[in-house]
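Notes for the one structure printed next.
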2 protein chains.
Amino acid sequence: MIKIVTIKDIAKATGCSPSTVSRVIANNSRISEKTKQKVRKAMQDLGYHPNLTARNLVVQSTKTIGVIMPSSADKSLQNPFFAEVLRGIGSYFHQEQFSILLSTGQTEQEKFKEVERMVLGKYVDGIILLYSRLNDPIIDFLKEKDFPFVIVGKPLEYKNEIVHVDNDNIKAGKDITAYLIENGHRRISFIGGAADLVVTIDRQKGYEMALKEAAIPVLKEYALHTEFLKSGGREAVEQILKLEVKPDAIVVSDDLISVGVISMLEEYGLKVPEDISLASFNNIYFSEIIKPALTTVDIQIYQLGVESAKAIIKMCMNQKLTRKRIIIPHDIVYRESVRLKK
Amino acid sequence: MIKIVTIKDIAKATGCSPSTVSRVIANNSRISEKTKQKVRKAMQDLGYHPNLTARNLVVQSTKTIGVIMPSSADKSLQNPFFAEVLRGIGSYFHQEQFSILLSTGQTEQEKFKEVERMVLGKYVDGIILLYSRLNDPIIDFLKEKDFPFVIVGKPLEYKNEIVHVDNDNIKAGKDITAYLIENGHRRISFIGGAADLVVTIDRQKGYEMALKEAAIPVLKEYALHTEFLKSGGREAVEQILKLEVKPDAIVVSDDLISVGVISMLEEYGLKVPEDISLASFNNIYFSEIIKPALTTVDIQIYQLGVESAKAIIKMCMNQKLTRKRIIIPHDIVYRESVRLKK
DNA sequence: CTGTTAGCGCCTTCAA
DNA sequence: TTGAAGGCGCTAACAG
């Protein structure tokens, strides 16, 4: 083991006290420039670096945030969404010198244990939840402990108490459906991910609103749900194809599902957008490179990350947030999957 | 601020000393069952939880590992590969009570600073690098400090000194190419990601070996490289289509690129596998749901994660590793993108 | 089997 | 502008 250089060594080397060295590190204003220079030089020479653990212990803060992913047992993690939020979070954290402690639990159980450990062990200053589900014991726990946390997405309960960063998914659903309608589509179907996800619900709600406004009847059999990724929306397509009056357009709640839907459609000899139009959400990297390129709602995933990072850091610093609900604007990216009106 | 329950409080409440309490936490064998019970009860009642920071400080270890992603500026992060390794790492870490500190740097510069902070600040016990590139100052730094680290992938230099977890990509390249040859293909092209990535190089090497063994000439103009994700292999395809003698099969170094290649091929009126066969690597979720489903080499990404986790933890515990190079086996998943010999 | 004592490396009053 | 002293919460000898 190589000698560890501590604050004391610097003190000794420069002939001043540990507290002075500490103040130089903090760049305290009432230390003379001369001593600062001297101390800094010694730190260089001896290769000093502050021990973060020791500092964290005394300041009672770690400047690290626990980021909780959905249970990683399922494949939903392969959704580029998460990498992208993480990137957004990271970019802001970096400039604020915060770190990400990533949760790794495979089950709800495991995740809960981890959060408990992080929080009770005072290993993190705050938590970002990258998902939102009903009856989440983690949320209850965090609320009860009054521990700083923010949700990316929309909480199902306590909407007005929990800080969350979200899109206006209802409006997004409405916008994209309206676009389909504008282009002459009338029999519009909806394929959503897991029915209990709030995103799905909101987007579907918007879809229905748009139909109503255009005086198009909302048909129950036109709305389908499929596991977020599983079998890529295959069953959904099969159901649709069984319908008597087949839709001429589909709103799909996630680009990833769209990929599966398109494959399946093709298998049945239907071409997008010639035979049926398709519009979805998220605008992940894939949306652009597959054939046909997806017309999709860009929800600014990266920005969702950045804003959640800003929010949690503010909370950790005990700054007040002006609002609990932070909305990231969306906009439609027009590509090839929608047949246009001539 | 609510009262923080410390070890001393438990000591006071139970009438024993802090060290006894500490020993109960560690489940030390020479504490009587009676005291253990008593202490544990008090911990329950007062809601005690060990402060991890304090413990870390004294034991000089954090049980957390810094995991470094590639510079997140580019889109390569959207490759599901990373989510999947992370999942593998997490699963093993969880059972060993280790945590992941995720690096978030957007540039090489930023990443280096972060690693330096983690390492010098003794905030992590080890590092896992999720990529490998030439002249990486991070590797030099880690090596110089003699700090425990493992690379997922193959280091370009010091192969025999750096612990790394990798596939036998040369063999994988050879295997998949041989499969193409077996099925009657002769004019086989290679499309790789960034030419300076070791994976690319290795897979291409294997591709060439297979050709040679089958006495098929290796043509320079048949090997192309494209940015890992950028424009999804479009230019690559254009180049191929300009060739006088067009290939009847392509080996693509990443499933993600394949998606772009297929789109492009279709745009030019070529169908996979009828007109041209395609085989690639990684077997990500997508490979299965796109049309045609990809014949691809499954490299067991999850397992790469697990093994790198095992390795770094061993190193942190000063256990010797039997070998520096840990190979995860691969196997071919046969699907629809290759035209079979009748 | 248990208590006492000394730190881990740092920051922060308080006093000079 | 600086130093001395105490403590953050925990563990690990060393005693007994």
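Throughout, protein chains are lettered first and strands after them, A, B, ... in sequence-line order, and every chain is numbered starting at 1.
- Nucleotide dC10(C) holds its C1' atom 13 Å from the CD1 atom of Ile10(A), rounded to whole Å.
- Ionic pairing of Glu307(B) and Lys310(B) is present here: one or more N-O contacts between side-chain nitrogen and carboxylate oxygen are shorter than 4.0 angstrom.
- The pair Glu108(B)-Lys111(B) meets the salt-bridge criterion, since a charged nitrogen lies less than 4.0 angstrom from a carboxylate oxygen.
- As judged by a 4.0 angstrom heavy-atom cut-off over every strand, Gly15(B) is placed among residues touching the sugar-phosphate backbone only.
- Thr6(A) has no side-chain polar atom (N or O) that falls below the 4.0 Å cut-off from OP1 or OP2 of dG9(C).
- Non-hydrogen atoms lying under 4.0 Å from DNA chain D are contributed by Leu57(A), Val58(A), all within residues 42-58 of chain A.
- One interatomic measurement links the two molecules: CD1 of Ile7(B) to P of dC8(D), which rounds to 13 Å at whole-angstrom precision.
- A cation-pi contact, defined as under 6.0 Å to the ring centre and within 45° of the axis, is absent between Lys63(A) and Tyr123(B).
- For residues 18-39 of chain B, proximity to DNA chain D is found at Ser19(B), Ser22(B), Arg23(B), defined as any non-hydrogen atom under 4.0 angstrom from a strand atom.
- Between Glu84(B) and the choices Ile301(B), Ile89(B), Asn79(B), the side chain to side chain contact (heavy atoms under 4.5 Å, CB included) rule is met once, by Ile301(B).
- The only member of Lys143(B), Arg323(B), Lys324(B) that meets salt bridge (charged side-chain N to carboxylate O under 4.0 Å, His left out) when paired with Glu161(B) is Lys143(B).
- Here the C1' atom of nucleotide dG9(D) and the OH atom of Tyr123(A) are 15 Å apart, to the nearest Å.
- Between the P atom of dC8(C) and the CD1 atom of Ile4(A) lies a distance of 10 Å, rounded to the nearest Å.
- Residues Glu110(A) and Lys113(A) have side chains not in contact (no heavy-atom distance under 4.5 Å, counting atoms from C-beta outward).
- A donor atom on one side chain and an acceptor atom on the other are not found under 3.5 Å apart for Thr53(A) and Lys122(B).
- The interatomic distance linking Lys12(A) (NZ) with dA4(D) (P) rounds to 13 Å, in whole Å.
- Atoms CG and CG, on Leu101(B) and Asp125(B) in that order, are 11.0 Å from each other to the nearest 0.5 Å.
- Close to dG9(D), at under 4.0 Å from its OP1 or OP2, lies a side-chain N or O of Gln60(A).
- A side chain to side chain contact (heavy atoms under 4.5 Å, CB included) with His164(B) is found for one member of Val150(B), Ile151(B), Leu129(B) and no other, namely Ile151(B).
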